[in-house]
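In the text below, chain A, chain B and the rest are named by the order of the sequence lines, each starting its count at 1.
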Amino acid sequence: MLEGINKIGDLEWEVPIGYVANMRVPGRFFLSRALAETLEEGAVRQLANVATLPGIVKHSLAMPDIHWGYGFPIGGVAAFDMTEGVISPGGVGFDINCGVRLITTPLSEADLAGRKRDLIERLFAAVPTGVGAKSTLRVSNRELSEVMVNGARWAVERGFGTGADLARCEEEGAMPGADPDAVSAKARQRGAPQLGTLGAGNHFLEIQVVKEIVDPEAARVFGIVEGQVCFMVHCGSRGLGHQVATDHLRILESALGKYRIQLPDRQLACAPVDSPEGRAYYGGMASAANYAWANRQVIMHEARKVFAEMYGIDYDEMRLVYDVAHNVAKFERHDVDGAQAEVCVHRKGATRAFGPGAPGIPHAYAAVGQPVLIPGSMGTSSYLLHGTTTAMQKTWGSTCHGAGRVLSRSKAKKEVRGKELRLQLAEEGILVRASHDSVLAEEAPEVYKPSHEVVRVVHEAGLSGIVARLNPLGVIKG
DNA sequence: ATGTGC
């Protein structure tokens, strides 16, 4: 472990006050010895830097998938007081409400046999992928405002899915407080033609099979059985969210002097939660988050359509298990020094993991806690977990979001050949379809930390409990 | 992640 870090539990580490100057609270992170080998000193410094921000409550936290990011580390979680504290785009990330949803089907792996290539090709044709991907869906400026306020509900009202889906989304697919007026014309311009598109990088639409049930009782509650074919959508708010982050970072940077905020790193630009600039960022961020929920709802519907046409199954036989956000800031009530208080929780590459009985989770899941979805990297397992009481106590009800990169995109491109990788995965029975083989190299399994180890740590640390492991059968990527 | 980089 790095010098100056204290071990405070089997998988828990403390960054003491003084690790960097002006820390208000200690840092804490969760990590195994195996993951410690790839821990970046810069990411720990970022975790400590977050602890210098005004109004931070309890600890600056990071999950075991911690790695170096913009300002805050990815895998970072931090809560701020509603009157003394700040809100920061660096604590959310550029891809606002990047998230994951999981949908079950009544099919088994054997039902796909022989038609899997056809299925992948049809899904690839139905869902636009790639950096600049544009949708066939056209939304007017007024409709885009409705998307930003109503999120997944807008999509359902337009015929993409049903009302039952909304009850299976975090925030029911639309967080409150969205302010479309805090979204620039440029952000609208980028977002309008992209609704219903997957994007690029680690985003994917994947066909999976439930390979292993670890917690039978929770699996029953979530409606998952071994051998079942599912599909998973991992994407975010596309160019719209990126532009909202860019616009508000600039605004917040120029307001730092006004609020006499001194930062160890300009990338931590922020404003008081309760200030015009802070409220504007929140309103823009919530708008982008809701756009992302609508985006995943549209993509899910297009995928359901393909499955329905190919296998003659009904739409309501393809049930949404849950949809989680892993890049967002929210106002939530938590225990602070023995009393309930509202705080502004930032989760950046971290997933909400509310435990049994927590408010805001579907009634049907109340007994086991909310579903937590951890996407694997290309060719590796994804996981379904449940939230816990321990997470409520230790991490503001948060857990990891997946595996962090260990190799930069440029290094990955030098070391991996996309076509070879595609052929190798095909031999393992995993069909990959992307616009170009070259984009696959950047997403090769070996350029990411092993997600099973990250998941093992959050399970062992009690931040969430493993319910099931899902293996990829086919994937479409940007 | 991103109309990919000052």
Side-chain angles (χ1 to χ4, degrees), chain A residues 43 46 65-76 88-100 127-135 144 183-205 233-250 253 266-267 284-285 287-289 291-293 295-296 299 324-329 346-351 375-378 400-414 418 434-436 438-444 447-449 476-478:
Chain A
Q46 288 186 320
D65 43 354
I66 178 172
H67 58 289
W68 189 84
Y70 183 94
F72 285 55
I74 296 158
S88 173
V92 171
F94 279 84
D95 191 5
I96 294 165
N97 189 5
C98 183
V100 189
V127 182
T129 66
V131 177
K134 292 200 170 155
S135 177
L144 190 57
V183 176
S184 69
K186 198 173 176 183
R188 284 174 172 273
Q189 225 165 47
R190 290 179 67 177
Q194 293 184 321
L195 196 57
T197 66
L198 196 61
N202 63 356
H203 290 169
F204 63 68
L205 165 57
V233 180
H234 178 203
C235 67
S237 51
R238 310 286 287 107
L240 186 138
H242 192 274
Q243 193 63 45
V244 167
T246 305
D247 292 338
H248 285 270
L249 271 167
R250 207 198 57 225
E253 270 187 35
R266 292 280 287 181
Q267 293 184 356
M285 181 210 67
S287 302
Y291 175 99
W293 270 305
N295 195 31
R296 290 195 288 273
I299 291 171
V324 298
H326 55 223
N327 276 7
V328 78
H346 294 61
R347 296 190 182 90
K348 182 196 196 172
T351 313
S377 50
M378 193 170 59
C400 67
H401 87 305
R405 212 167 246 288
V406 287
L407 223 60
S408 70
R409 292 181 183 279
S410 53
K411 277 187 184 163
K413 275 190 272 196
K414 278 179 197 158
S435 45
H436 302 284
S438 58
V439 305
L440 301 178
E442 299 176 29
E443 299 302 320
V447 313
Y448 284 93
K449 289 182 198 181
I476 73 166
K477 293 190 70 75

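Rounded to whole angstrom, the span from the CD atom of A:Glu442 across to the C1' atom of B:dG5 amounts to 14 Å. If you measure from atom CG of A:Asp95 to atom P of B:dT4, you get 16 Å, rounded to the nearest angstrom. Rounded to an integer number of Å, the gap from CZ of A:Arg409 to P of B:dT2 is 9 Å. Regarding A:Tyr70, its OH atom lies at a distance of 13 Å from the P atom of B:dG5, rounded to whole Å. One interatomic measurement links the two molecules: CZ of A:Arg250 to C1' of B:dC6, which rounds to 16 Å at whole-angstrom precision. If you measure from atom CD of A:Gln243 to atom C1' of B:dT4, you get 14 Å, rounded to the nearest angstrom. Atom NE2 in A:His242 sits roughly 10 Å away from atom P in B:dT4 (whole-Å rounding). Atom NE2 in A:His248 sits about 19 Å away from atom P in B:dT2, given to the nearest Å.
Note on A:Gly236: nothing from the nucleic acid sits closer than 4.0 angstrom, heavy atoms only. Within 4.0 Å (heavy atoms only), A:Gln194 reaches sugar-phosphate atoms of the nucleic acid but no base atom. Residue A:Lys186 is classed as a base contact, given a heavy-atom separation below 4.0 Å to a base. Here A:Gly132 lies out of heavy-atom contact (under 4.0 Å) with every strand. Counting non-hydrogen atoms under 4.0 angstrom, A:Ala200 reaches the backbone sugars and phosphates but no base.
Nearest heavy atoms, A:Pro375 versus A:His401: CD-O, 3.2 Å. In terms of heavy atoms, A:Gln46 sits closest to A:Trp68 at NE2-NE1, 3.3 Å.
For A:Arg188, there are no salt bridge (Lys or Arg N to Asp or Glu O under 4.0 Å) partners at least two apart in sequence or on another chain. For the salt bridge (Lys or Arg N to Asp or Glu O under 4.0 Å) test, residues two or more places apart in sequence or in another chain that qualify with A:Arg347 are A:Glu332.
OP1 or OP2 of B:dT2 sits under 4.0 Å from a side-chain N or O of A:Arg238.
Sequence order on DNA chain B of the closest nucleotides to A:Lys413 and A:Glu443 puts A:Glu443 first from the 5' end.
Between A:Lys411 and A:Glu442 there is no salt bridge, since no side-chain N of the basic residue sits under 4.0 Å from a carboxylate O of the acidic one.
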